[in-house]
Amino acid sequence: MHINHTLDKAFGPTGSFAGLILVIVGVILIPFFWAGAILIIIGAFTGFTASGCEINTETRQVRQYHLLFGLFKTGKWQRLEGFSGLRVVQTRNSYRAYSLSNRSIVTTTQDFRVVLEAGTPQSRVEIQKCSTREDADEEARKLSETLGMEFLDN
């Protein structure tokens with residue numbers, strides 16, 4: 001069984017929105033100018049590229065991937081035996097965008113992530129994101145039963 005969770009957009013919410021605008025403009029311009037195809041390619045890359053995690057329970061492997069153009073998964077498979085257990089961590093992501101008048105817009109999101117815990121924080125693998133701590137704890141318990149791993153409670 002494959003468990004698949006998409007986590008974040010690669011270029012944040014403002015980059016993703018700008019990519020969608022480029023795709024729309026490219027589709028409108030393609031009958032008139034060949035440059036519309038370039039806008040579609042650049043817009044699809046910035047608008048649809050995302051990150052995520054995929055778990056194969058049959059082979060007991062996990063991979064963090066980047067979903068390029070919203071179609072192609074790139075990432076390296078790792079064995080689940082290299083991880084000590086599951087944990088819930090709180091994350092805060094900030095995205096900053098600048099306008100033409102050099103004004104900045106800061107968007108901050110806060111959520112809870114279910115992670116596979118390894119020896120160091122840099123080698124963690126984020127599996128799933130949830131909006132509340134209770135939902136993340138519940139999903140981590142379900143996943144720990146499915147994978148046969150320990151749930152490391154804080």
Side-chain angles (χ1 to χ4, degrees), residues 1-80 82-83 86-133 135-136 138-140 142-143 146-147 149:
M1 175 172 91
H2 281 277
I3 301 170
N4 188 16
H5 297 286
T6 304
L7 297 174
D8 295 314
K9 295 284 187 179
F11 297 98
T14 54
S16 177
F17 181 73
L20 292 175
I21 297 298
L22 285 177
V23 168
I24 292 169
V25 170
V27 168
I28 292 170
L29 289 179
I30 201 147
F32 307 109
F33 303 104
W34 63 271
I38 295 172
L39 289 178
I40 291 172
I41 292 170
I42 293 170
F45 182 74
T46 58
F48 300 121
T49 298
S51 65
C53 183
E54 183 177 18
I55 301 172
N56 188 344
T57 57
E58 296 163 359
T59 60
R60 297 195 45 82
Q61 291 181 332
V62 63
R63 77 169 166 176
Q64 269 186 313
Y65 63 82
H66 289 286
L67 193 61
L68 302 175
F69 296 100
L71 299 172
F72 308 108
K73 289 182 184 177
T74 61
K76 186 176 172 184
W77 288 99
Q78 298 175 353
R79 304 284 305 162
L80 283 175
F83 299 97
L86 292 164
R87 184 179 305 253
V88 174
V89 296
Q90 182 179 3
T91 61
R92 183 172 299 144
N93 293 327
S94 294
Y95 303 100
R96 183 179 303 249
Y98 291 96
S99 67
L100 288 175
S101 62
N102 206 21
R103 293 187 182 146
S104 66
I105 299 170
V106 178
T107 305
T108 303
T109 59
Q110 182 175 345
D111 55 22
F112 296 90
R113 307 273 172 126
V114 178
V115 298
L116 276 170
E117 192 68 47
T120 61
Q122 291 82 12
S123 57
R124 284 181 179 164
V125 174
E126 295 180 351
I127 296 176
Q128 184 178 6
K129 75 175 181 179
C130 300
S131 57
T132 64
R133 176 74 181 207
D135 291 341
E138 180 181 331
E139 292 295 328
K142 287 179 188 175
L143 199 56
T146 303
L147 299 176
M149 298 183 80

Is the closest side-chain heavy-atom distance between [X] and [Y] below 4.5 Å?
X	Y	value
Ile127	His5	yes
Ile55	Leu143	yes
Phe11	Ser16	no
Val115	Leu86	no
Phe83	Val125	yes
Lys73	Glu54	yes
Tyr65	Asn4	yes
Leu67	Thr49	no

Point-to-point distance, once rounded to the nearest 0.5 Å, from [atom1] of [X] to [atom2] of [Y]:
X	Y	atom1	atom2	value
Glu126	Ser51	CD	OG	7.5 Å
Gln128	Cys53	CD	SG	9.5 Å
Arg124	Leu116	CZ	CG	11.0 Å
Thr108	Arg96	OG1	CZ	8.5 Å
Thr91	Arg113	OG1	CZ	4.0 Å
Leu20	Phe48	CG	CZ	5.0 Å

Exercise. Using a strict 4.0 Å threshold on nitrogen-to-oxygen distance, state whether Arg133 and Asp135 make a salt bridge.
Key: no
Quiz prompt | Residues Arg92 and Asp111 bridged, charged N to O under 4.0 Å | solution = no
Quiz item: Is a side-chain N or O of Thr146 found less than 3.5 angstrom from the main chain of Lys142, in a donor-acceptor match?
Solution: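 Checked: pair present.
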Quiz item: Any sub-3.5 Å donor-acceptor pair from Lys129's side-chain atoms to Phe112's backbone N or O?
Solution: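 The answer is no, because no donor-acceptor pair under 3.5 Å joins these two groups.
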Under 3.5 Å, which donor-acceptor pairs link side chains of residues 31-46 to any protein atom two or more places apart or in another chain?
from, atom 1, to, atom 2, distance (Å)
Thr46, OG1, Ile42, O, 3.2
Thr46, OG1, Gly43, O, 3.4

Exercise. For Arg79, look at atom CZ and say whether over 12 heavy atoms of other residues, nucleotides or ligands are found less than 6.0 Å away.
Key: yes
Practice problem: For a side-chain contact (heavy atoms from CB on, under 4.5 Å) with Tyr95, tell me which candidate from Ile105, Thr109, Val106 qualifies. | Solution: Thr109
Quiz item: Looking only at heavy atoms, which two atoms of Val27 and Ile30 are closest? And how far apart?
Solution: O-CG2, 3.5 Å
Self-check item: Minimum-distance pair of heavy atoms, taken over all atoms of Arg60 and Met149
Solution: NH2-CG, 4.4 Å
Self-check item: Residues in salt bridge (Lys or Arg N to Asp or Glu O under 4.0 Å) contact with Lys9, at least two apart in sequence or another chain
Solution: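 Result, salt bridge (Lys or Arg N to Asp or Glu O under 4.0 Å) vs Lys9: none returned.
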